[in-house]
Amino acid sequence: MIIPKAEKLQPAELKEVEGIAQEFDCSILEIDGRNRCVYAILGNENHAVMFKRIAGLPYIRKVDMIESSYNLMDRRSGLSDHIVRMGETEVGKDAPFIIGGPCTIDPANPSLYLETAHALKEVGVDALRGGVWKPRTNPYSYQGDNNALDIILQAREETGLPIDVEVMDAEQLQLALEAKVDVLQVGTRNALNYSLLKQIGRMSAETNSAVLLKRGRHMASPDEFIAAAEYIVAEGNPDVMLCPRGTTPALDGYRNHPDESVTPLLKNRTWAPVVVDPSHSVGHADYVLACSLAAIAYGADGLCIESHVDPQRGIGDDPKQAITPQKMGELIQACRSAFPNRYKVG
Ligand code: PEP
Ligand code: MN
């Protein structure tokens, strides 16, 4: 939709706009309002070059795209009834889908991870998380260890729960796919790494691995977030879950700026399930329950929560933000019983 600066385009201006549109097999329809005219672009308006050339004309105020830039992620797309499944479970259908586990798997202490995994299964968690390779701000902090992959694979074997592992590059992706990891996590730092997103979409297309795409820390709009997911889906893997996890700058006192309220905006625009991460959002174990309830109130389909049997013995983020499996059990019950019309309580 083209909006001119004046009430109406002059004949020579309209001719110039029509000329540009024709180059892209589009035409222009004049819509007469009471006081001013706007102009619709008929045809495929998704031509970025056409769009920019018209928007750059000196007598044009703005050009709005009616169609979204994410054809496949759009609620109205052919994928609108696509369901993301994890084994037998449809993500978000009968209860919030809960991913839980430590921030980081400590390869020196496999039993701590395995104990946590069993305890989480006991309280009703649907999938296990655990950092094998870690994106650390400080290059001298622990960076991860291939041996940690064996530990989370053992936990899957023992509990039967699907597993979620973050990958940051092609080598890690290859190892994760060989291990048939159920959820490939793309962290906030790589949420705008379009080459990696394409590679993940392409390489996981023929596999059963889903993708949990975190929201980039500086990601401004919901549309930018959805467009990042489009990169994965366009390469052939529609099993994408969107994960708000707080943005920056932080709200003083929290680790980030909690953004669970973006959930309804995402759900109005796209069909993809939204799985909120309250742990990185608030960054303190004490606030995780409130943030989780808020996320579910906003319509989230699931939660990804850091949890550890003994947070103080954990590495990475666990000492400050992991909740115990017992608290996780209480949280799961609280989320269900706060919304009895949406979920079975029990
Ligand atoms: C994590 O899940 O431990 C993590 C590093 O998350 P984020 O990318 O959201 O910071
Ligand atoms: Mn973490």
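Bear in mind that the values here come from a model prediction, so they are computed numbers and not experimental data. We count ligands from 1, going down the list as the structure has it; atoms in each ligand are counted the same way. Count residues from 1 along the sequence.
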Using a 4.0 Å cut-off to any heavy atom of [X], which atoms of ligand 1 qualify?
{"X": "Gly187", "value": "8 (O)"}
{"X": "Glu306", "value": "1 (C), 3 (O)"}
{"X": "Cys103", "value": "3 (O)"}
{"X": "Lys134", "value": "1 (C), 3 (O), 5 (C)"}

**Study point:** Atom pair CD/CG of Gln185 and Asn190 - distance to nearest 0.5 Å
**Key:** 11.0 Å
**Study point:** Nitrogen or oxygen atoms of Asp277 and ligand 1 under 3.5 Å apart
**Key:**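 The answer is no, given that Asp277 and ligand 1 share no N or O pair closer than 3.5 Å.
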Review point. N/O to N/O below 3.5 Å, does that happen between Lys214 and ligand 1?
Key: yes
Study note, to complete from the structure: Nearest heavy atom to atom 8 (O) of ligand 1, choosing from Asp318, Thr188, Asn256, Leu212, belongs to Thr188
Practice item. Name the option, out of Gln185, Arg255, Arg245, Gln321, that contains the heavy atom nearest to atom 10 (O) of ligand 1. Key: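 Result: the heavy atom closest to atom 10 (O) of ligand 1 is in Arg245.
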Review point. Looking from the Mn ion (ligand 2), what is the angle between OD2 on Asp317 and SG on Cys103, to the nearest 10°?
Key: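 An angle of 90° at the metal.
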Review point. Has the side chain of Lys214 got a donor or acceptor atom that lies under 3.5 Å from a matching backbone atom of Leu242?
Key: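 No: the side chain of Lys214 does not pair with the backbone of Leu242.
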Study note, to complete from the structure: Restricting Glu306 to its N/O/S atoms, the closest one to the Mn ion (ligand 2) is OE2
